[in-house]
Amino acid sequence: MTDKNKIASWGGNQSFAESLLQHLAVAAFVIDANHQVIFWNRACEKLTGLKAEEVIGTSNHWRGFYPDNRPCLADLVLDNHFSEGAELYSKTKLMSEIDGFAAENWCTSADGVKRFLEFEAGAICNDAGEITAVIECLRDRTKQKESEKLITEMAFYDSLTGLPNRRLLIERLKEEISLTNRQGNTGALIFLDLDNFKTINDSLGHDVGDELLIQVAQRLKQATRETDMVARLGGDEFVIILGQLDYDMSTAARNIEKVAQTILNDINNPYEIRNHSLYTTPSIGITLFPAEDDTPGILLKQADAAMYRVKESGKNSIHFFHPAIQEAADSRMQIENELRRALRSEEFELYFQPQIDTNNQLIGAEALIRWLHPENGIIPPNEFIPIAEESGLIVEIGNWVIESACKQLARWTGDHLEVPQISINISPRQFRQSDFVSRFDHTLSRYKINPDKLVIELTEGILFDDIDDTISKMHAIRSLGVRFSLDDFGTGYSSLAYLQKLPLDHIKVDQSFVRDLDQNPNNAAIVETVINMGHNLNLSVIAEGVETEAELNFLKQKKCREFQGYYFYKPLPMEQFEELLSPNVRHSKNKSLH
Ligand code: C2E
Ligand code: CA
Ligand code: CA
């Protein structure tokens with residue numbers, strides 16, 4: 001026993017009690033009624049790294065457990081402040097009136113060591129029942145805690161890849177199902193199975209097989225969001241939960257298809273394993289939720305069944321469980337593939353729809369793309385432009401449109417024909433390309449185009465993203481001499497403030513407002529407002545989709561002076577449009593071609 005440990009108020013045989021505590025294997029210390037340390041045993045020195053002489057007579061005992069000054073369990077017992085215990089410890093409990101309180105928590109002591117400690121503190125009272133001291137005992141449970149963690153990990157995670165296992169997947173899937181049910185959005189379950197794993201495993205050995213699974217796991221993690229879950233069911237089967245997707249199921253399905261396509265491509269890339277260059281492909285089945293009576297078991301079966309369809313029909317592909325979604329995906333994929341072919345074999349053509357003024361003069365034409373499909377005939381743009389936009393093919397198609405329009409303009413000029421302004425449609429995705437302006441400029445110079453003859457039609461979609469970039473690109477093109485028209489005006493959400501910032505020359509009243517103008521008072525009011533607004537902004541206003549004389553008369557009455565629509569002409573193939581290109585042709589109803 002050392003005389004630095006003085007337990008002054010200890011009743012009975014003081015030195016015996018001190019000696020007893022000193023020799024205990026369990027770390028213990030005692031504070032008096034003023035929070036001053038009066039005893040600190042050797043085990044406590046060992047556990048906390050603090051020597052008894054550093055703390056005896058001070059109230060610094062917290063340094064043994066925390067980097068900042070905060071009360072220890074003994075202090076809380078002394079002050080009767082147990083409500084604080086819940087904040088400071090992960091678990092606190094009253095053992096009994098006599099034994100006092102127990103708590104546990106991760107602690108980082110002043111010397112920087114992190115330990116999981118179990119604390120027990122009990123009051124020592126005098127005969128009058130007043131607390132004269134508090135004793136606190138400490139146990140280091142770090143090893144036990146870590147092995148507990150390992151056991152949970154083993155129960156919920158796959159030891160080879162570190163991915164969640166089936167158990168954790170099912171827990172999470174339950175949560176996602178109820179979340180999507182509550183919020184009304186969509187989730188997806190993707191089932192992925194490698195196509196030739198068994199061959200690789202059997203021929204190159206399990207070590208190579210294991211390494212391949214680890215790399216596949218990494219690629220799957222990379223292809224998905226932090227919030228998605230990639231799990232390994234066992235063997236070469238992986239499952240991915242994509243949560244919180246679009247409210248509209250078919251929009252969600254298109255996004256999922258993109259993710260699945262990325263996964264498919266990533267898994268197809270070569271693997272370098274122990275001097276082997278390996279290839280593998282996946283079969284991917286997808287199901288969507290929520291649907292009635294969804295359970296994790298049902299969804300897993302659906303995704304598995306969809307995956308099996310891929311195996312049956314040649315592997316290395318994607319299949320949706322729901323037939324309608326699969327059909328839509330099939331036709332999109334087919335159109336996308338055919339579009340690539342169409343670009344190579346030049347199956348596109350530009351039609352030209354004349355634009356007419358109040359004197360029946362031809363003042364311009366809109367170039368509209370047509371796809372002359374070798375088997376299916378003419379496919380209108382509404383059936384392929386949206387797919388081209390999604391797949392990014394629109395950029396190449398758009399380049400073709402610019403190129404063809406310029407080529408045509410140059411030809412007509414060479415043939416000494418009076419050429420009106422030609423409008424071309426540019427999709428937002430193409431306009432956002434960083435080299436759009438320079439490419440466009442380059443094409444104009446290549447064909448020596450008079451920029452006065454070109455108008456670019458943009459939709460309000462251009463305003464959704466990076467508006468500053470849009471404005472600066474528009475100015476750059478405007479300074480080349482090319483003009484802008486805002487297409488489908490009134491269908492988007494553009495504010496007047498934005499419109500004023502854009503270097504526009506024309507707005508096109510959307511055809512949905514022109515329809516039944518003379519009979520539909522709502523449309524009439526909108527059209528009148530748009531015409532006035534355009535004129536106030538000094539823009540020329542062209543009405544498209546004019547089909548009847550009544551619509552035309554209404555528009556004229558409201559001071560609209562430019563028109564495009566079936567009443568005058570449908571979009572015409574180049575040769576027919578060319579017939580209109582002589583200086584003195586009058587474009588009256590009698591001469592229109594339909
Ligand atoms: P848009 O730019 O609004 O083109 C006008 C559409 O209205 C054209 O359909 C045209 O044929 C049609 N139209 C014109 N007058 C009338 C009419 O009086 N009644 C009716 N019912 N329709 C009329 P189209 O050619 O099928 O084009 C549809 C859409 O496809 C275009 O709408 C445009 O958004 C897109 N598109 C067409 N060509 C291109 C292109 O070269 N590039 C891009 N990015 N998109 C294009
Ligand atoms: Ca247009
Ligand atoms: Ca339009």
Side-chain angles (χ1 to χ4, degrees), residues 339 342-343 347-356 364-372 377-408 421-433 436 440 454-462 483-492 494 504-518 523 527 530 541-552 554-555 562-574 576-577 589 592-594:
L339 274 176
L343 266 166
E347 292 171 16
F348 297 114
E349 203 165 288
L350 282 184
Y351 274 40
F352 295 88
Q353 187 176 31
Q355 298 169 331
I356 305 298
E366 177 175 8
L368 293 158
I369 194 168
R370 296 291 179 266
W371 178 4
L372 306 180
I378 298 182
I379 303 180
N382 289 339
E383 284 177 31
F384 66 87
I385 293 286
I387 294 166
E389 296 241 8
E390 260 178 35
S391 62
L393 282 172
I394 191 67
V395 176
E396 241 181 291
I397 294 179
N399 286 337
W400 178 88
V401 170
I402 296 172
E403 180 88 19
S404 313
C406 288
K407 203 189 275 177
Q408 194 58 63
Q421 271 188 342
I422 300 293
S423 304
I424 50 177
N425 294 282
I426 300 294
S427 86
R429 180 145 181 191
Q430 183 177 18
F431 196 70
R432 273 190 215 111
Q433 299 291 305
F436 181 77
F440 189 70
L454 268 184
V455 177
I456 289 182
E457 291 194 8
L458 296 175
T459 56
E460 289 164 274
I462 206 78
R483 284 172 236 263
F484 283 99
S485 176
L486 196 61
D487 203 358
D488 303 345
F489 185 78
T491 55
S494 52
L504 291 170
D505 298 276
H506 316 277
I507 49 179
K508 292 186 92 168
V509 186
D510 189 65
Q511 46 182 294
S512 61
F513 304 125
V514 174
R515 197 154 303 140
D516 306 329
L517 193 58
D518 46 315
N523 279 359
V527 167
V530 170
V541 180
I542 176 161
E544 73 179 336
V546 183
E547 289 186 357
T548 65
E549 191 163 10
E551 289 163 359
L552 177 67
F554 181 95
L555 289 160
E562 295 169 13
F563 318 97
Q564 176 183 340
Y566 293 178
Y567 177 72
F568 299 98
Y569 296 98
K570 289 197 167 177
L572 307 173
M574 190 270 290
Q576 284 185 33
F577 177 70
K589 172 80 181 109
S592 70
L593 296 167
H594 67 111

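Note that the structure is a prediction, hence the values are computed from the model and not measured. Remember, it's 1-based here, ligands and their atoms both numbered in the order they're listed. Along the sequence shown, residues are numbered consecutively beginning with 1.
Below 4.0 Å from some heavy atom of S427 lie the following atoms of ligand 1, by number and element: 44 (N). Numbered from 1 in the order shown, with element, the atoms of ligand 1 that lie under 4.0 Å from a heavy atom of G565 read 15 (N), 18 (O). The ligand atoms of ligand 1 that sit less than 4.0 angstrom from a heavy atom of D488 are 3 (O). Annotation for ligand 1: atoms under 4.0 Å from non-hydrogen atoms of V401 are 41 (O). Within ligand 1, the atoms closer than 4.0 Å to a non-hydrogen atom of P571 are 11 (O), numbered from 1 in the order shown. Near V546, the atoms of ligand 1 lying under 4.0 angstrom from a non-hydrogen atom of the residue are 18 (O). Per-residue contacts place E366 under 4.0 angstrom from the following atoms of ligand 1 (heavy atoms of the residue considered): 2 (O), 4 (O).
Of all protein heavy atoms, the one closest to atom 5 (C) of ligand 1 is E544 OE1, 3.6 Å. The nearest heavy-atom contact from the protein to atom 23 (C) of ligand 1 is Y566 CE2, 3.4 Å. Of all protein heavy atoms, the one closest to atom 27 (O) of ligand 1 is P381 CG, 3.3 Å. For atom 39 (C) of ligand 1, the closest non-hydrogen atom on the protein side is I369 CG2, 3.6 Å. With respect to atom 31 (C) of ligand 1, the closest heavy atom belonging to the protein is L368 CD2, 4.4 Å. Here the protein heavy atom with the shortest distance to atom 29 (C) of ligand 1 is N382 OD1, 3.3 Å. Looking at atom 42 (N) of ligand 1, its nearest protein heavy atom turns out to be N425 O, 3.3 Å.
Here the shortest heavy-atom pairing between F577 and A365 reads CZ-CB, 3.4 Å. The shortest heavy-atom contact between A367 and I424 is CB-CG2, 4.0 Å. Listed here is the closest heavy atom pair of F436 and I402: CE1-CD1, 3.9 Å. Nearest approach of E460 to L486, heavy atoms of both residues: CG-CD2, 4.1 Å. Nearest heavy atom pair, residue P428 against residue G461, reads CG-C, 4.1 Å.
Selection from K570, Q511, E389 by nearest heavy atom to atom 12 (C) of ligand 1 gives Q511. Evaluated by nearest non-hydrogen atom to atom 21 (N) of ligand 1, the leading choice among Q353, K508, E547 is E547. With D487, I426, V514, T548 as candidates, the residue nearest to atom 2 (O) of ligand 1 on a non-hydrogen basis is D487.
Between atom CD of residue E349 and atom CZ of residue R370 there is a gap of 10.0 Å, rounded to the nearest 0.5 Å. With rounding to the nearest 0.5 Å, the separation of CG in L393 from CZ in R429 is 9.0 Å. Note that CZ of F348 and CG of L339 are 5.0 Å apart. Values are rounded to the nearest 0.5 Å. Rounding to the nearest 0.5 angstrom, the gap separating the CD atom in E551 from the CD atom in Q511 is 10.5 Å. For the atom pair NZ (K508) and OG (S485), the distance works out to 6.0 Å, reported to the nearest 0.5 Å. To the nearest 0.5 Å, atom CG of residue L350 and atom CD1 of residue I369 are 6.5 Å apart.
Take a cut-off of 3.0 Å around the Ca ion (ligand 2): the protein N, O or S atoms inside it are E366 OE2, N425 OD1, E457 OE1, D487 OD2.
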Legend entry - Check against side chain to side chain contact (heavy atoms under 4.5 Å, CB included), I462 and F484: CA-CA 12 Å; I462 206 78; F484 283 99; over 6 Å; no
Inset, instruction - Check the pair E366 / Q353 against side chain to side chain donor-acceptor pair (under 3.5 Å), numbers first and verdict last. - result: CA-CA 5 Å; E366 177 175 8; Q353 187 176 31; over 6 Å; no
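The protein does not reach atom 34 (O) of ligand 1 closely, with no heavy atom under 4.0 angstrom from it.
Taking any N or O of R370, backbone or side chain, at least one lies under 3.5 Å from an N or O belonging to ligand 1.
Residue-environment remark: CD (E396) stays at or below the threshold of 12 foreign heavy atoms within 6.0 Å.
The side chain to side chain contact (heavy atoms under 4.5 Å, CB included) search around E347 returns R341, A342, S345, W371, P374, not counting sequence neighbours.
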